[in-house]
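The structure follows.
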Amino acid sequence: MPELPEVETVRRTLEPVIGATITSVWDSGLGLHMNRKPPRRKLRALVGAKIAALRRIGKYLIVDTTAPQSIVAHLGMSGRLRIHDARDPRAPHTHAVFGLGARELRFVDPRRFGQIDVVTRGAERVHPSLAILGPDPLTEGIDAAAVSRLARRRKSSLKAFVLDQGVIAGVGNIYASEALWRAKLRPSKRANRTTVAQISSLVASIREVLERALVHNGTSLRDFVDADGESGDNAEYLWVYGRRGEPCCRCKAKIKRSVLQGRATYYCPTCQTP
DNA sequence: ATCACGACCTGGAGGC
DNA sequence: TGCCTCCAGGTCGTGA
């Protein structure tokens with residue numbers, strides 16, 4: 001579900017909880033990603049603290065508090081973070097609830113691929129998941145020359161290269177296909193067979209694709225919703241993802257679907273150079 | 001060291 | 001209606 005634009009949409013719609021006091025913490029006790037459970041003791045230690053700020057690095061959301069600790073959340077494939085009235089019944093697969101007086105911030109994740117953790121503010125990058133992240137394309141500049149140097153050493157496909165969170169943080173399966181179409185590069189093209197100009201174009205395309213999706217509040221293919229439960233509109237603006245057999249909007253050739261590293265990949269066979 | 005693959009989970013869609 | 005198979009927006013550990 002959530003790539004960078006979706007997580008950023010959640011972050012923005014969560015802003016009304018800034019300043020709220022955490023009055024209670026509950027967790028389901030079930031393991032999430034890698035069967036890791038939310039750290040109950042560390043979470044409970046946050047009761048009494050206020051939510052101070054909401055940040056995002058790639059697909060990770062960071063909830064800073066007035067305590068020295070911050071909450072780290074990753075939505076995985078099916079995770080949602082929503083603000084509810086505390087009296088609303090809890091949905092199935094609710095795994096963490098932060099009481100905020102009359103409201104609650106709830107983490108619901110049917111597939112349990114998400115993460116909830118606690119880190120010390122300022123030392124986020126010690127967390128193994130955050131330590132490996134490359135630059136965030138919306139909050140940090142991406143040095144195309146540096147990305148090109150990385151690409152030169154990679155024999156994998158460009159698609160796999162773009163999905164590598166250590167190269168650029170936040171690009172997922174939808175926007176990888178979209179950015180490669182935008183840059184007119186075939187997803188199966190070997191990363192080390194690209195020119196500096198091609199990588200520059202790709203980097204620019206990634207930023208454009210993510211910013212465009214953000215303007216439309218993210219892509220809701222099945223179930224993505226923001227913190228208020230609203231869907232995003234970007235699905236109708238996708239150029240290739242999910243459009244097998246439809247005409248390419250640049251050249252009218254039929255969009256193809258292939259599988260790269262086990263993931264659906266969409267591209268135009270005529271205007272994306274192999 | 002690098003890469004592709006399968007595993008991790010549940011639920012929805014489509015075929016029969 | 002019910003059962004089966006396939007598919008899904010992510011990440012990590014494995015074995016080649």
Side-chain angles (χ1 to χ4, degrees), chain A residues 1-10 28-38 56-61 72-81 91-95 107-117 127-134 150-180 187-193 206 209-210 212-214 216-226 231-244 257-266:
Chain A
M1 166 175 40
E3 305 183 34
L4 187 154
E6 290 74 38
V7 178
E8 177 62 16
T9 298
V10 171
S28 68
L30 291 177
L32 301 175
H33 185 239
M34 303 298 292
N35 202 25
R36 276 199 272 274
K37 299 172 185 178
R56 183 193 52 74
I57 306 177
K59 301 172 194 171
Y60 290 84
L61 190 67
V72 173
H74 192 291
L75 302 179
M77 293 275 261
S78 58
R80 296 179 177 192
L81 269 174
H93 308 295
T94 299
H95 295 294
F107 178 76
V108 177
D109 184 8
R111 291 179 73 180
R112 289 195 266 137
F113 287 174
Q115 298 181 47
I116 296 279
D117 209 343
H127 190 283
S129 297
L130 299 175
I132 59 152
L133 297 180
L150 282 177
R152 215 173 300 154
R153 295 192 272 113
R154 297 290 188 91
K155 279 194 283 193
S156 68
S157 65
L158 266 183
K159 170 94 182 301
F161 182 68
V162 165
L163 284 176
D164 183 342
Q165 301 299 295
V167 176
I168 294 175
V171 182
N173 203 39
I174 295 177
Y175 302 117
S177 282
E178 295 292 297
L180 286 161
S188 56
K189 185 177 179 64
R190 300 294 113 182
N192 61 1
R193 308 292 274 272
I206 287 170
V209 161
L210 297 177
R212 182 169 181 264
L214 189 51
H216 298 123
N217 301 311
T219 300
S220 297
L221 287 185
R222 6 173 14 105
D223 54 12
F224 165 71
V225 292
D226 67 18
S231 297
D233 298 324
N234 196 59
E236 54 191 289
Y237 301 97
L238 296 175
W239 293 305
V240 289
Y241 189 89
R243 300 201 183 280
R244 170 164 52 174
R257 178 190 190 272
S258 69
V259 175
L260 241 32
Q261 296 193 294
R263 326 253 353 239
T265 305
Y266 298 87

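By convention in this document, chain letters (A, B, ...) are assigned in the order of the sequence lines, proteins followed by strands, and residues within each chain are numbered from 1. Side chains are part of it too, since the values below use all heavy atoms of this structure and drop only hydrogens, waters and symmetry mates.
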**Prompt:** Among side-chain atoms of A:S78 and A:D109, is any donor-acceptor pair under 3.5 angstrom?
**Reply:** yes
**Request:** Would you indicate, yes or no, if C:dG9 has its OP1 or OP2 atom less than 4.0 angstrom from a side-chain nitrogen or oxygen of A:S177?
**Result:**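 Answer no for this pair, as no side-chain N or O of A:S177 is under 4.0 Å from OP1 or OP2.
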**Request:** Between B:dA1 and C:dT11, how far apart are the P atoms? Round to whole Å, please.
**Result:**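 Each nucleotide's P atom is 22 Å from the other's.
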**Prompt:** Taking atom types as modelled, is there a side-chain donor on A:T219 or A:Y175 under 3.5 Å from an acceptor on the other?
**Reply:**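 Short answer, yes.
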**Request:** Send over the distance from A:F107 CZ to B:dC9 P, rounded to a whole Å.
**Result:** 15 Å
**Request:** Output yes when at least one side-chain N/O atom of A:Q261 is less than 4.0 Å from OP1 or OP2 of B:dC5, else no.
**Result:**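 The answer is no; no side-chain N or O of A:Q261 sits under 4.0 Å from OP1 or OP2.
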**Message:** For a quick test of reading the model: is some side-chain N or O of A:H33 closer than 4.0 Å to OP1 or OP2 of C:dG10?
**Reply:**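 For A:H33, the contact criterion (side-chain N or O under 4.0 Å from OP1 or OP2 of C:dG10) is not met.
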**Message:** So, under a plain 3.5 Å distance rule, would you say the side chain of A:R112 forms a donor-acceptor pair with the base of B:dC9?
**Reply:** no
**Request:** Give the rounded distance in Å between these two atoms: NE2 of A:H216 and P of C:dG9.
**Result:** 21 Å
**Message:** With a 4.0 Å limit, can you tell me whether A:K59 has a side-chain N or O closer than that to the phosphate oxygens OP1/OP2 of C:dT11?
**Reply:**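 Yes, A:K59 has a side-chain N/O under 4.0 Å of OP1/OP2 on C:dT11.
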**Request:** Using the P atoms only, state how far C:dT14 lies from B:dC9, rounded to an integer number of Å.
**Result:** 15 Å
**For B:dC8, the Watson-Crick or wobble partner whose two distances fall under 3.5 Å** = C:dG10
**Request:** Please determine, for the side chain of A:H93, which listed nucleotide (B:dG11, C:dG9, B:dA4) has the closest atom?
**Result:**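 The closest nucleotide is B:dG11.
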**Message:** Using the side-chain heavy atoms of A:R257, tell me which of these nucleotides is nearest: C:dT11, B:dC3, C:dC7.
**Reply:** C:dC7
**Message:** In whole Å, I'd like the distance from the OH atom of A:Y241 to the P atom of C:dC7.
**Reply:**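 Atom OH in A:Y241 sits about 12 Å away from atom P in C:dC7.
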**Asked** Whole Å only: how far is the CG atom of A:D109 from the P atom of B:dC8?
**Response** 17 Å
**Side-chain (A:H216) to main-chain (A:G218) donor-acceptor, under 3.5 angstrom** = no
**Request:** Using the aromatic ring of A:F113 (for Trp, its six-membered ring), decide whether it stacks on the base of C:dG10 within the limits of 5.5 Å and 30°.
**Result:** yes
**Asked** How is A:R190 classified with respect to the nucleic acid when contacts are heavy atoms under 4.0 Å: base, sugar-phosphate, or nothing?
**Response**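 A:R190: backbone/sugar contact only, no base atoms under 4.0 Å.
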**Item:** Sugar-phosphate, base or nothing in reach of A:R263, heavy atoms under 4.0 Å
**Value:**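 Base, at least one base atom sits under 4.0 Å.
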**Request:** Kindly give the heavy-atom pair with the smallest separation between A:N173 and A:L163, and that separation in Å.
**Result:** N-CD2, 3.7 Å
**Prompt:** How far does CD of A:E178 sit from OH of A:Y266, to the nearest 0.5 angstrom?
**Reply:**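 Reported to 0.5 Å precision, the distance equals 11.0 Å.
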**Request:** By nearest nucleotide on DNA chain B, pick out whichever of A:R153 and A:R222 is the more 5' one.
**Result:** A:R153
**Request:** Ignoring backbone atoms, test whether A:R111 places a side-chain nitrogen or oxygen under 4.0 Å from the OP1 or OP2 oxygen of B:dG11.
**Result:** no
**Nucleotide nearest A:Y60 (side chain, heavy atoms from C-beta), chosen from C:dG10, B:dA4, C:dT11** = C:dT11
**Prompt:** Picking from C:dA8, B:dG11, C:dG10, which would you name as closest to the side chain of A:P2?
**Reply:**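 The closest nucleotide is C:dG10.
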**Asked** A:H95 NE2 to B:dT10 P: how many Å, rounded?
**Response** 9 Å
**Request:** Specify the separation, in whole Å, of atom CG of A:D223 and atom P of C:dG10.
**Result:**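 These atoms are roughly 12 Å apart.
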**Request:** Figure out the CZ/P separation between A:R36 and C:dG10, and round it to whole Å.
**Result:** 18 Å
**Fill in**
Of the candidates B:dG11, C:dG9, C:dT11, the side chain of A:H74 sits closest to C:dT11
**Message:** Could you check whether A:F113 and A:H33 have their ring centres less than 6.0 Å apart?
**Reply:** no
**Request:** Please state whether the phosphate of C:dG9, meaning OP1 or OP2, lies under 4.0 angstrom from any side-chain nitrogen or oxygen of A:Y175.
**Result:**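 Negative; the distance criterion is not met.
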**Asked** Once you round it to whole Å, what is the distance between C1' of C:dG9 and CD of A:E8?
**Response** 17 Å
